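One structure is given here, and the rest of the page talks about it.
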Amino acid sequence: MSSDLAGVWEVALSDGVHRIEFEHGTTTGKRVISVDGKEVLRRNWMFKLVGKETFSVGQSETKATINIDAVSGFAYEYTLEINGKSLKQFMENRSKVASTWLLNLDGIDCRVVLEKGTMDVWCNGEKIETAGEFVDNGTETHFSLGDHNCCVKAVSSGKRRDGIIHTLLVDGTEIAECTE
């Protein structure tokens, strides 16, 4: 990256945590956006130094926008929006629509994500084949990671405010959910 690096953000999506880097050449008007080290947008010789740049992130091609605003004189503020929400709002909402667990299986770090709306399960950026079944107190979504039997249990908390509680079991052992 050049000395024009203006902003770096990390965005956790179902297919992984993506690193977004933004270069802004305030003397040349250059704008460069890289996602996970790959350049996705380049504009040279932009005369208007403020504005916004929109691009997509991850396998689901989630919409992202970098807003460039003048603060004072030649000082600029850079903010990232994901799906039309500020990064902070998006991450707060993300915890409502997805559950994430970090674990180490057979020496390999695994990031398991459950999309609550679809009950899709992702591990390290790959969508996992699952089998769901109804049980007495909720549902169970079964899948395998290597030689390990895994299950996401979804049960009612009994409280309307808390909704459904999702728990990951790997070989019968409960894994603590993490917050990203």
Side-chain angles (χ1 to χ4, degrees), residues 1-105 107-128 145 152 162-164 166 168 175-180:
M1 281 284 142
S2 73
S3 61
D4 291 334
L5 188 63
V8 177
W9 300 271
E10 290 200 342
V11 179
L13 300 175
S14 295
D15 65 347
V17 178
H18 300 280
R19 181 181 172 91
I20 298 169
E21 297 176 344
F22 178 61
E23 293 178 54
H24 189 216
T26 54
T27 53
T28 63
K30 175 183 78 170
R31 297 179 188 178
V32 179
I33 298 172
S34 298
V35 177
D36 300 328
K38 275 190 175 150
E39 190 175 298
V40 296
L41 184 137
R42 174 180 287 271
R43 297 194 198 289
N44 292 314
W45 303 106
M46 300 276 299
F47 293 106
K48 189 174 177 193
L49 295 176
V50 296
K52 49 179 65 181
E53 294 294 349
T54 300
F55 56 101
S56 60
V57 179
Q59 290 179 14
S60 60
E61 298 196 359
T62 301
K63 181 181 166 203
T65 303
I66 294 175
N67 296 304
I68 307 154
D69 298 302
V71 181
S72 63
F74 288 103
Y76 297 91
E77 179 179 81
Y78 308 95
T79 54
L80 178 67
E81 291 179 0
I82 305 292
N83 282 342
K85 296 182 170 95
S86 72
L87 182 58
K88 184 177 189 278
Q89 285 176 313
F90 175 79
M91 296 315 285
E92 286 169 357
N93 185 55
R94 184 94 185 119
S95 67
K96 295 175 189 162
V97 299
S99 292
T100 304
W101 297 271
L102 300 175
L103 58 145
N104 188 297
L105 288 178
I108 299 168
D109 287 331
C110 297
R111 179 177 179 270
V112 176
V113 178
L114 168 72
E115 290 181 359
K116 295 176 185 177
T118 59
M119 294 304 284
D120 287 340
V121 176
W122 295 74
C123 180
N124 294 346
E126 298 292 322
K127 194 169 168 185
I128 303 292
L145 294 176
V152 173
D162 296 338
I164 296 171
H166 296 87
L168 174 64
I175 307 297
E177 186 175 346
C178 78
T179 54
E180 293 183 303

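As the structure is a prediction and not an experimental result, all values here were calculated from the model.
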Test item: side-chain donor near acceptor, Tyr78 and His24, under 3.5 Å: yes

Residues forming a side-chain hydrogen bond (donor to acceptor under 3.5 Å, both in side chains) with Glu77, sequence neighbours excluded: none

By side chain to side chain contact (heavy atoms under 4.5 Å, CB included) - contacts of Glu115 (at least two apart): Ser14, Thr118, Asp120, Trp122

Spacing of NE2 belonging to His166 relative to NZ belonging to Lys116, to within rounding of 0.5 Å: 6.0 Å

Pairwise distance CD(Glu10) to CG(Leu80) - rounded to 0.5 angstrom: 12.0 Å

Distance (rounded to the nearest 0.5 Å) between Trp101 CH2 and Cys123 SG: 12.0 Å

NZ/NE/NH1/NH2 to OD/OE distance under 4.0 Å, Lys88 and Glu92: yes

Residue pair Ile175, Leu102: steps toward the side-chain contact (heavy atoms from CB on, under 4.5 Å) verdict: CA-CA 8 Å; Ile175 307 297; Leu102 300 175; over 6 Å; no

Nearest heavy-atom neighbours spanning Arg111 and Asn124: N-OD1, 2.7 Å

Side-chain donor/acceptor of Ser34 to backbone N/O of Gly37, under 3.5 Å: no

Under-4.0 Å salt bridge between Lys30 and Glu23: yes

Residue pair Glu177 / Ser99, side-chain donor-acceptor N/O under 3.5 Å: yes

Spacing of Lys38 atom NZ and Ile33 atom CD1 [to the nearest 0.5 Å]: 16.0 Å

